[in-house]
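Each remark here refers to the structure printed beneath this line.
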Protein chains: 2
Amino acid sequence: MHSPKRVLFLDLVLTLFRLNGLLIAEGDAMTKGLGLTHARWKVIGAIALSSAGLTVPGIARVLGQSRQAVQRITDVMVADGILVYTENPKHKRSALVTLSERGQETYTLLREVQDPWAIRNTEDIPTEELETTLRLVRRLIKKLN
Amino acid sequence: MHSPKRVLFLDLVLTLFRLNGLLIAEGDAMTKGLGLTHARWKVIGAIALSSAGLTVPGIARVLGQSRQAVQRITDVMVADGILVYTENPKHKRSALVTLSERGQETYTLLREVQDPWAIRNTEDIPTEELETTLRLVRRLIKKLN
DNA sequence: GCCATAAAGACAATATATTGACAATATCGC
DNA sequence: GCGATATTGTCAATATATTGTCTTTATGGC
């Protein structure tokens with residue numbers, strides 16, 4: 001059982017855990033001035049990146065967490081006036097979660113720190129490598145579903 | 001600011017969050033019979049994969065979390081007889097965290113489910129792609145440090 | 001060796017996430 | 001349409017993680 005891919009894979013998994021933690025810490029540091037926590041900017045980011053519109057369980061699937069955890073944070077964010085539950089034409093019970101006007105302003109501010117950060121982090125990385133990685137990550141996700 | 005790499009990167013970050021969650025869920029399902037939780041098998045995995053030996057803050061760095069969170073779980077695992085704090089020749093105060101005899105047995109059982117899983121998940125993925133991804137992930141980690 | 005700076009353990013407060021369970025409602029194959 | 005199955009919202013208990021703070025000790029440059 002000395003498959004080199006086995007070790008490579010387990011190493012990758014561990015390294016992904018680490019990157020995950022660092023990304024969250026980085027995001028929190030970056031958004032400190034905006035009154036956001038990672039639980040919040042993750043939700044905002046997921047909504048913003050989705051073209052179709054997302055329900056609470058949909059956000060949970062995209063973020064890889066339990067729908068209950070997402071429900072909790074979206075409820076708070078709706079109460080805070082950042083998000084709005086809007087009617088879902090495709091599902092009578094499960095509302096679409098959208099950005100309120102204030103939420104959009106917050107997202108604009110988020111983009112102002114996030115965009116330069118994203119560009120800074122990728123300027124010396126070939127597009128091709130980013131694509132390969134994204135493809136592989138998606139492939140792994142498909143296996144785990 | 002229509003850098004395609006920007007969108008690619010943000011998409012990657014979100015996708016990594018998702019994979020992270022799925023990996024944890026998968027690991028928990030896989031280790032259910034061993035009485036392990038993800039907080040525990042992550043620590044065991046980190047120790048096992050490190051050749052040098054790790055301290056509590058060292059494990060925290062590898063896993064990308066706070067040293068306090070790791071301290072908490074290692075304290076519990078030492079109390080449970082899975083881990084042992086052993087003297088650290090390189091640092092007088094910060095003990096090395098090692099597997100007890102029972103911890104090693106647990107690790108053996110862990111390997112028995114983990115190895116087939118790792119092989120199964122990579123059998124149709126070229127080694128080269130795994131290496132590219134691991135390299136890119138490491139590169140991002142370095143930037144975020 | 002000395003000293004400024006960094007690292008580590010410890011404790012507490014709080015935030016976030018998982019898990020399990022239940023009722024209500026959608027969805028989809030037929 | 002109908003009915004089995006899956007999904008969703010909700011509530012509660014618990015586990016896990018972050019953050020802030022303080023004290024104690026290492027570490028590394030001089």
Side-chain angles (χ1 to χ4, degrees), chain A residues 17-18 20-32 35-46 53-80 83 85-97 145, chain B residues 17-18 20-32 35-46 53-80 83 85-97 145:
Chain A
F17 287 148
R18 183 178 192 176
N20 185 71
L22 288 173
L23 285 171
I24 289 172
E26 181 85 352
D28 278 351
M30 210 162 57
T31 59
K32 202 157 209 173
L36 294 177
T37 63
H38 59 267
R40 291 176 175 232
W41 53 252
K42 274 181 177 180
V43 168
I44 294 179
L54 288 175
T55 63
V56 166
I59 295 171
R61 274 185 292 269
V62 170
L63 295 182
Q65 347 180 261
S66 68
R67 62 201 167 79
Q68 291 91 331
V70 173
Q71 184 80 249
R72 185 192 68 81
I73 202 72
T74 56
D75 282 351
V76 174
M77 290 172 81
V78 166
D80 283 357
L83 299 179
Y85 293 134
T86 63
E87 202 165 304
N88 184 355
K90 302 226 174 142
H91 197 296
K92 276 175 193 160
R93 261 179 100 213
S94 199
L96 289 176
V97 185
N145 266 337
Chain B
F17 287 148
R18 183 177 191 176
N20 184 71
L22 288 174
L23 285 171
I24 289 172
E26 182 84 351
D28 279 350
M30 209 161 59
T31 59
K32 203 159 210 169
L36 294 175
T37 62
H38 60 267
R40 292 176 174 233
W41 55 252
K42 274 182 177 181
V43 168
I44 294 179
L54 289 174
T55 63
V56 166
I59 296 171
R61 274 186 291 269
V62 170
L63 295 181
Q65 3 180 249
S66 68
R67 63 200 166 81
Q68 290 91 332
V70 174
Q71 184 79 250
R72 185 191 69 81
I73 202 71
T74 56
D75 283 350
V76 175
M77 290 172 81
V78 166
D80 283 358
L83 299 180
Y85 292 135
T86 64
E87 202 164 305
N88 185 354
K90 302 226 175 145
H91 198 293
K92 276 175 194 158
R93 262 179 98 210
S94 199
L96 289 178
V97 185
N145 267 337

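In the text below, chain A, chain B and the rest are named by the order of the sequence lines, each starting its count at 1.
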Query raised in the report: Rounded to whole angstrom units, what separation is found between the CZ atom of B:Arg40 and the C1' atom of D:dA15?
Result: 11 Å
Report task. Kindly compute the distance separating CD1 (B:Ile24) from CD (A:Gln65), expressed to the nearest 0.5 Å. Result -> 9.5 Å
Query raised in the report: What is the distance, rounded to the nearest whole Å, between atom CZ of A:Phe17 and atom C1' of D:dT16?
Result: 14 Å
Report summary line: Rounded to whole Å, NE2 of A:His38 lies from P of C:dT14 at a distance of 17 Å
Report task. Starting from the 5' end of DNA chain C, give me the residue, B:Gly21 or A:Lys92, whose nearest nucleotide shows up first. Result -> B:Gly21
Report task. Would you kindly compare B:Ala25 and B:Pro57 by the position of their nearest DNA chain C nucleotide and give the one closer to the 5′ end? Result -> B:Pro57
Query raised in the report: Taking only N and O in the side chain of A:Arg72, is any of them less than 4.0 Å away from OP1 or OP2 of C:dT16?
Result: yes
Query raised in the report: Is there a side-chain polar atom (N or O) of B:Gln68 under 4.0 Å from OP1 or OP2 of D:dT18?
Result: no
**Report entry** Spacing of CD1 belonging to A:Ile59 relative to CG belonging to A:Leu83, to within rounding of 0.5 Å
**Finding:** 7.0 Å
Query raised in the report: Of A:Asp28 and A:Val56, whose nearest nucleotide on DNA chain D comes first from the 5' end?
Result: A:Val56
Query raised in the report: What is the distance from CD1 of B:Ile73 to P of D:dT18, rounded to the nearest Å?
Result: 12 Å
Query raised in the report: Under 4.5 Å between any side-chain heavy atoms of B:Lys90 and B:Thr55, yes or no?
Result: no
Requested in this report: May I ask you to evaluate whether B:Ser94 reaches the phosphate of C:dG9, defined as a side-chain N or O under 4.0 Å from OP1 or OP2?
Outcome: yes
Report task. Return the nearest nucleotide to the side chain of B:Gln71; candidates are C:dA26, C:dG9, C:dT18. Result -> C:dG9
Requested in this report: Starting from C1' on C:dA7, measure out to CZ on B:Arg67 and report it in whole angstrom.
Outcome: 7 Å
Report summary line: By nearest-heavy-atom nucleotide on DNA chain D, the more 5' of A:Lys32 and A:Gly58 is A:Gly58
Requested in this report: State whether B:Arg93 places a side-chain N or O below 4.0 Å from either non-bridging phosphate oxygen (OP1 or OP2) of C:dA7.
Outcome: no
Query raised in the report: Looking only at side-chain N and O atoms, does A:Thr37 come under 4.0 Å of OP1 or OP2 in D:dT18?
Result: no
Query raised in the report: What is the distance from CD1 of B:Ile24 to C1' of C:dT19, rounded to the nearest Å?
Result: 15 Å
Query raised in the report: When the distance from NE2 of A:His91 to C1' of C:dT25 is rounded to whole Å, what number comes out?
Result: 8 Å
Report task. Would you tell me if any nitrogen or oxygen in the side chain of B:Arg61 comes within less than 4.0 Å of OP1 or OP2 on C:dA8? Result -> yes
**Report entry** Spacing between B:Leu36 atom CG and D:dA15 atom C1', to the nearest angstrom
**Finding:** 15 Å
Query - Test item: A:Leu96 and A:Asn88 side chains (from C-beta on) under 4.5 Å apart, heavy atoms - result: yes
Query raised in the report: Just one of B:Thr31, B:Asp28, B:Asp80 clears the side-chain hydrogen bond (donor to acceptor under 3.5 Å, both in side chains) bar with B:Arg40, so which one?
Result: B:Asp80
